[in-house]
Amino acid sequence: MFAALGSHAWAYPMLEVAHLLGVALLLGNLILLELRVWGWGQALPIEPLARLSLGLAAVGFGLAGISGLLMFGTQAGELLANRVFTAKMVLIMLAGCNAGWFHARRSLQLQDRTARVLMLQSTVLWLLVLTCGRWIGYV
């Protein structure tokens, strides 16, 4: 199945499109929420905004994850030997830990300095994931 995905004229490019759409949903919604935590859009209630943006970010993560796993299956050996791919996976793990810390301490309710730092870390980590994703093919 994975060999067919990798060799099909449009299947792999469509997986890449799905992957990019997932990343856009994830990162775009996280940045929207970060801006609110940093004080922009104070008129918007944080709880409903968080439910909407985190829900869409979760859909984006799922889409990126599923399409990423399918793309990985087409060239697993090459990717496992690629140190940029390894860095991308470590960064995704760190982003997950950061999100866990953010929510475990109830940062949305606190909206304190630590919450802002954790949101900034999240955005930086996801931008690094995005950067590594683009570099994989060139290393």
Side-chain angles (χ1 to χ4, degrees):
M1 174 180 127
F2 291 119
L5 277 176
S7 64
H8 195 280
W10 58 265
Y12 194 88
M14 289 309 295
L15 282 175
E16 289 178 324
V17 169
H19 197 69
L20 288 174
L21 178 60
V23 170
L25 279 170
L26 171 66
L27 191 56
N29 283 286
L30 288 179
I31 289 173
L32 176 66
L33 187 58
E34 178 179 332
L35 290 172
R36 176 58 183 84
V37 169
W38 276 89
W40 292 24
Q42 291 282 337
L44 298 171
I46 191 103
E47 294 294 331
L49 178 64
R51 275 192 305 277
L52 176 62
S53 64
L54 292 175
L56 289 170
V59 169
F61 182 79
L63 184 57
I66 290 167
S67 58
L69 285 171
L70 289 170
M71 289 188 298
F72 173 79
T74 67
Q75 51 190 341
E78 292 174 39
L79 288 171
L80 290 172
N82 187 314
R83 61 187 184 277
V84 178
F85 176 79
T86 303
K88 179 181 176 180
M89 294 301 107
V90 169
L91 288 165
I92 291 171
M93 181 193 66
L94 290 173
C97 291
N98 188 70
W101 185 14
F102 180 86
H103 293 289
R105 67 177 299 277
R106 303 188 50 78
S107 292
L108 281 176
Q109 289 73 29
L110 297 173
Q111 294 186 47
D112 58 357
R113 183 173 194 259
T114 303
R116 290 188 297 275
V117 168
L118 289 171
M119 285 302 285
L120 183 59
Q121 273 181 197
S122 175
T123 299
V124 168
L125 285 167
W126 284 111
L127 288 173
L128 289 171
V129 167
L130 185 67
T131 301
C132 286
R134 289 303 308 140
W135 283 356
I136 288 171
Y138 300 102
V139 175

Could you give the distance from [atom1] ([X]) to [atom2] ([Y]), rounded to the nearest 0.5 Å?
X: L108; Y: M119; atom1: CG; atom2: CE; result: 7.0 Å
X: F102; Y: R116; atom1: CZ; atom2: CZ; result: 11.0 Å
X: H19; Y: I66; atom1: NE2; atom2: CD1; result: 12.0 Å
X: L120; Y: L125; atom1: CG; atom2: CG; result: 9.5 Å
X: L32; Y: L56; atom1: CG; atom2: CG; result: 9.5 Å
X: H103; Y: Q109; atom1: NE2; atom2: CD; result: 10.0 Å

Would you check if [X] and [Y] make a side-chain contact, meaning some heavy-atom pair closer than 4.5 Å?
X: Q75; Y: I136; answer: no
X: I92; Y: W126; answer: yes
X: L94; Y: V90; answer: yes
X: L26; Y: L63; answer: no

Determine the minimum heavy-atom distance between [X] and [Y], stating which atoms define it.
X: A87; Y: C132; result: CB-SG, 4.2 Å
X: S53; Y: N29; result: O-CB, 3.2 Å
X: L44; Y: R36; result: O-NE, 2.7 Å
X: S107; Y: L118; result: OG-CD1, 4.0 Å
X: L79; Y: F85; result: O-CD2, 3.2 Å
X: L30; Y: L54; result: CD2-CD2, 4.1 Å

Are [X] and [Y] grouped together when hydrophobic residues (ILVMFWY) are joined by side-chain heavy atoms under 4.5 angstrom apart?
X: L33; Y: V124; value: yes
X: L130; Y: L128; value: yes
X: L21; Y: I31; value: no
X: W10; Y: L20; value: no
X: Y12; Y: V17; value: no

Next item on the list: Please answer whether the main-chain N or O of L127 pairs with a side-chain N or O of T131 as donor and acceptor at a distance below 3.5 Å.
Entry: yes
